[in-house]
Amino acid sequence: MTSPEPGPAGPGVPVPERGAWLRRGISRNGGPLVEDREVVWLQAGSYYADSRGFAGTTSFDGSQVHFHHLTGEPGEDAGTFRWEGGNLVERGTNADGSTFLEIWTPLPGTDEDGTCGSWSGPDHHVVRVGRHVVHVDSRTGTYWRL
């Protein structure tokens, strides 16, 4: 895969309040766009879960979306989202200063029965959007399609 051209300058868009997304590729620090594993991100209101092993809440400051990690891998990252066709393209910076670009494609099966929610406990967080579920705990993130 090759890296897409940089998007237009200016503020980004907030993430949709409900969505299931499959990552199609990631570029780290300006490198080539690659994908080496299945990564799914679910968003239910302000709560999210990422199958890489972190979950928490999102906030939007009018330009960037901030991912506040509350369960799993510690940290916080921020990205600017833009629509490019049917994909969400995220450009951001990790807490360590490294940069990334990720391409996210919507997954089907998010509206079949209207089920959407987020649940958490002392050491876990679960987000469900339609047929998609991501569970995150202190050890790992797991994705299921129901």
Side-chain angles (χ1 to χ4, degrees), residues 1-111 116-130 132-145:
M1 296 181 162
T2 59
S3 295
E5 293 298 314
V13 298
V15 295
E17 288 197 18
R18 175 190 171 108
W21 304 91
L22 175 65
R23 188 176 75 183
R24 293 296 185 185
I26 184 168
S27 167
R28 291 181 175 88
N29 297 314
L33 191 64
V34 298
E35 188 55 73
D36 57 0
R37 63 180 168 152
E38 179 180 76
V39 176
V40 173
W41 152 47
L42 303 182
Q43 187 76 35
S46 64
Y47 295 95
Y48 77 92
D50 188 302
S51 65
R52 288 173 283 186
F54 50 93
T57 61
T58 57
S59 61
F60 182 64
D61 66 10
S63 178
Q64 289 191 312
V65 175
H66 297 266
F67 289 85
H68 312 280
H69 300 205
L70 303 176
T71 304
E73 181 182 309
E76 180 171 323
D77 53 84
T80 301
F81 284 84
R82 290 194 180 76
W83 287 101
E84 291 186 13
N87 296 325
L88 268 175
V89 176
E90 177 186 12
R91 289 174 174 82
T93 305
N94 293 304
D96 66 4
S98 62
T99 62
F100 61 90
L101 176 143
E102 292 178 291
I103 309 293
W104 298 96
T105 300
L107 285 166
T110 60
D111 293 319
C116 182
S118 173
W119 303 268
S120 61
D123 184 34
H124 69 279
H125 195 99
V126 178
V127 173
R128 179 176 178 188
V129 178
H132 307 280
V133 178
V134 171
H135 172 274
V136 174
D137 60 33
S138 63
R139 295 174 309 279
T140 191
T142 306
Y143 165 68
W144 294 282
R145 181 180 166 105

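Predicted model, so just to flag it, every value in this text is computed and none were measured.
Of the possible donor and acceptor atoms, none in the side chain of D77 sits under 3.5 Å from a partner among the backbone N and O of T93. Using modelled atom types, no side-chain atom of S138 and backbone atom of D123 make a donor-acceptor pair closer than 3.5 Å. Within the 3.5 Å criterion, the main-chain N or O of G45 finds a donor-acceptor partner in the side chain of Q43. Using modelled atom types, one side-chain atom of D96 and one backbone atom of S98 make a donor-acceptor pair closer than 3.5 Å. Checking side-chain atoms of D137 against main-chain N and O of T140 turns up a donor-acceptor pair under 3.5 Å.
Annotation: the span from L88 atom CG to R82 atom CZ amounts to 11.5 Å, rounded to 0.5 Å. Here the CZ-OG distance, from R37 to S51, works out to 7.0 Å after rounding to the nearest 0.5 Å. Residue W41 holds its CH2 atom at 9.0 Å from CD of E102, rounded to the nearest 0.5 Å. The CD atom of E35 lies 10.5 Å from the CD1 atom of I103; values are rounded to the nearest 0.5 Å. The OG1 atom of T58 sits 7.0 Å away from atom NE2 of H68, with the distance rounded to the nearest 0.5 Å. Expressed to the nearest 0.5 Å, how far CG of D61 lies from OG1 of T80 amounts to 8.0 Å.
Y48 pairs in a ring-ring contact (aromatic ring centres under 6.0 Å, His included) with only one of the listed residues (W21, W104, F67), which is F67.
Within a 6.0 Å radius of OH in Y47, no more than 12 heavy atoms belonging to other residues, nucleotides or ligands are found.
Smallest separation of non-hydrogen atoms from G62 and P11: O-CB, 3.4 Å. Shortest non-hydrogen contact noted between C116 and R18 is CB-NH1, 3.0 Å. Scanning both residues, V136 and A49, for their nearest heavy atoms gives CG2-CB, 4.3 Å.
For H132 and T110, the side-chain atoms include no donor-acceptor pair closer than 3.5 Å.
When side chains are defined from C-beta on, R91 does not count as touching S27, because their heavy atoms never get closer than 4.5 Å. L42 is not listed as a side-chain neighbour of R128, based on a closest heavy-atom distance of 4.5 Å or more. Contact annotation: the side chain of V127 approaches that of V129 to within less than 4.5 Å [non-hydrogen atoms, C-beta and beyond]. By the 4.5 Å heavy-atom criterion applied to side chains, E76 and H66 are counted as neighbours. Contact check for D50 versus V134: no side-chain heavy atoms found under the 4.5 Å cut-off.
Taking a cutoff of 4.0 Å between a charged side-chain nitrogen and a carboxylate oxygen, E73 and R52 do not qualify as a salt bridge.
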